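Model, not experiment: these values are computed from the prediction.
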Amino acid sequence: MQVQYISAFSVVLEVLSRFWPVWVALIIVMGASFAYKKRLALYGQLFDSGVGIVGVGICLFWLFTAIFASTISPFDPLAQVPVMKDMLPGAIEPQSGLVYLFGGDKLARDVFSRMVYGSQIVLIIAPAATGFALMVGITLGLPAGYYGGKIDTVLSFLANLVLAFPVILLFYLLVTPGIMDTPIPYAMAGVFFLFPIIFFSVLFWTRYKNRPDRLYILLGLTLIIGGWIYLGLVFDKDPLHIVHIDPNQLNIFVAVVFASSPGVFRIVRGLVMDIKTRDYVAAAQTRGESPWYIMLWEILPNARGPLIVDACLRIGYTTILLGTLGYFGLGLAPESPDWGTAIKDASRLLRSFIHPALPPTIALMSFVLGLNLLADSLREQSMKD
């Protein structure tokens, strides 16, 4: 069957038109951010520099792409049309009349649709895993830096023990099929996913222990929402069937948290050791505040700048690690549309067909670039503060 093509100019116009929900969302959000930037604290300050605007714009672009993936993509990312195998960009699919905008891969799947749906996997795993790593690192780093002594010695030794392993080797060990078939990932998830519940429970207790009317509401919401998410992620027992994670994704999730937490721990520990010598900490101690109140409500807010910058950079590192794991065929399923797996599949035929490798490569590079620009702008603002 003869396959027809549209012109390169028409491909560009069609790609731009497919992203119409993203453009609308960007105009609304960026316009509102500019209009009210003076009221938006640190986020609003990002719009005072070109670097911050570009960083926010790129990150929001991929965020909205992930949200509207089903509207943007003309095809199912796993659908195969045999006649479209290795077709060049602009090929028209005979049955539907829709266009393979970036061509077809070796399994006759639409490269454009797979790139779009790949953003969902990256923007779910990387930020969420980084958030859990922050919870673990902060919860352990605060007492290590504040108390010192044996607590600091034991926790620092455990952190250094994990950091002693090369990151790629550590990930390789944690996501191999042999480990995935054991209870180890679920046991680790059961431990790591407790930290957000513990963190917010202690946070609200230290702040509102003398105001039981507000304390009981916040603690109740923390335990209900946290327990609901915990049951869904660890045991896949969400009664509402909303919170769910595939075993392959859970394994990568746990590996990211395990590998990233020690780095966060060391940053938090160092910040706490410096900040705890400040006058306002001494004033809080004089007032008779509890150690955990001082750590969570006096020290942690004043360490937010470096931690926010580190979180942005760490999401970028995690994105690259996910791409690396996908390239080596580890973790996610072989048919997954994530960018690393797409690059791996396309790299085997680079001498014959280069077009399937370019979209996921550019997508991965642009998202990490946006995160780095965002981190640079945040670093400048934190230095001013």
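- The residues K344 and D338 are annotated as not salt-bridged, no charged nitrogen and carboxylate oxygen being separated by less than 4.0 angstrom.
- Linking Ile, Leu, Val, Met, Phe, Trp and Tyr residues whenever their side-chain heavy atoms come within less than 4.5 Å leaves L358 and Y117 in two separate clusters.
- Within a 6.0 Å radius of OH in Y317, other residues, nucleotides and ligands contribute 12 heavy atoms or fewer.
- Without hydrogens or angle criteria, S113 side chain to F75 main chain gives a donor-acceptor distance under 3.5 Å.
- A side-chain donor-acceptor contact under 3.5 Å links R304 to the backbone of P301.
- A donor-acceptor pair under 3.5 Å is formed between the side chain of Q120 and the backbone N or O of A66.
- In this structure, the side chain of W339 does not engage the main chain of I362 through any donor-acceptor pair within 3.5 Å.
- In terms of heavy-atom proximity, S7 sits nearest to S10 at OG-OG, 2.9 Å.
- Judged as a side-chain hydrogen bond (donor to acceptor under 3.5 Å, both in side chains), the pairs with a partner in residues 256-273 (not counting sequence neighbours) are, in order, D152-R269, S156-R269.
- A donor-acceptor contact shorter than 3.5 Å links the side chain of R114 to the backbone of P77.
- Relative orientation of the Y43 and F47 rings is perpendicular, given thresholds of 30° and 60° on the angle between their planes.
- Minimum heavy-atom separation, G227 to I197: N-CD1, 4.1 Å.
- Side-chain contact, S377 with E380: no donor N or O sits under 3.5 Å from an acceptor N or O.
- A centroid separation of less than 6.0 Å is found between the aromatic rings of F132 and F253.
- Heavy-atom contacts from other residues, nucleotides or ligands closer than 6.0 Å to CD of Q285 number more than 12.
- Residue F258 is not grouped with residue L161 when hydrophobic side chains (ILVMFWY) are merged at heavy-atom distances under 4.5 angstrom, including chains of intermediate members.
- If you chain together hydrophobic residues whose side chains sit under 4.5 Å apart, L107 and I121 never meet in one group.
- For R287, the CZ atom is densely surrounded, since the number of other residues' heavy atoms within 6.0 Å is greater than 12.
- In this structure, K106 has no salt bridge (Lys or Arg N to Asp or Glu O under 4.0 Å) partners at least two apart in sequence or on a different chain.
- The side-chain heavy atoms of L218 and L203, taken from C-beta on, include no pair separated by under 4.5 Å.
- Taken from CD1 in I224 to CH2 in W228, the straight-line distance is 11.5 Å, to the nearest 0.5 Å.
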Without placing hydrogens or testing angles, list every side-chain donor-acceptor pair under 3.5 Å for residues 188-196, not counting sequence neighbours.
none

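- Around OH of Y36, the count of heavy atoms belonging to other residues, nucleotides or ligands within 6.0 Å does not exceed 12.
- Residue F9 is found in a hydrophobic cluster whose other members, listed by chain and number, are L13; membership requires side-chain heavy atoms under 4.5 Å apart, directly or through intermediates.
- Taking every heavy atom of both residues into account, L140 and F265 meet most closely at O-CE1, 3.4 Å.
- In summary, the aromatic rings of F61 and W23 are positioned with their centroids under 6.0 Å apart.
- Atoms OH and CD1, on Y208 and I217 in that order, are 11.5 Å from each other to the nearest 0.5 Å.
- Residues F19 and F64 place their aromatic rings such that the two centres sit no closer than 6.0 Å.
- Put simply, the side chain of K276 gets close to the backbone of Y146: a donor and an acceptor are under 3.5 Å apart.
- Y100 places a side-chain N or O within 3.5 Å of a backbone atom of A108 that can act as its donor or acceptor partner.
- For residues 52-79, the pairs satisfying side-chain hydrogen bond (donor to acceptor under 3.5 Å, both in side chains) are W62-S366, with sequence neighbours left out.
- In this structure, V256 and A129 approach most closely via the heavy-atom pair CG1-CB, 3.4 Å.
- Here the side chain of N302 pairs a donor or acceptor atom with the backbone of E298 at under 3.5 angstrom.
- Listed for the H355 side chain is no donor-acceptor partner under 3.5 Å among the backbone atoms of D105.
- For the atom pair CG of L98 and CD of E93, the computed distance is 7.0 Å after rounding to the nearest 0.5 Å.
- In this structure, D279 places its CG atom where only 12 or fewer heavy-atom neighbours from other residues, nucleotides or ligands lie under 6.0 Å away.
- A distance-only check finds no donor-acceptor pair linking the side chain of Q80 to the backbone of P82 [under 3.5 Å].
- Around atom CH2 of W292, more than 12 heavy atoms belonging to other residues, nucleotides or ligands sit under 6.0 Å away.
- Remark: R214 engages no residue in a salt bridge (Lys or Arg N to Asp or Glu O under 4.0 Å) (not counting sequence neighbours).
- Separation of atoms CG (L296) and CZ (F200) is listed at 10.5 Å; rounding is to 0.5 Å.
- Taking all atoms of both residues into account, the shortest heavy-atom contact from C312 to L374 is SG-CD2, 4.0 Å.
- Distance CG/L88 to CD1/I354: 12.0 Å, rounded to 0.5 Å.
- The cluster map of Ile, Leu, Val, Met, Phe, Trp and Tyr, joined by side-chain heavy atoms under 4.5 Å apart, puts I294 and Y280 in the same cluster.
- Other residues, nucleotides and ligands contribute at most 12 non-hydrogen atoms within 6.0 Å of the OH atom of Y216.
- The minimum heavy-atom distance linking V99 with P74 is given by the pair O-CG, 4.3 Å.
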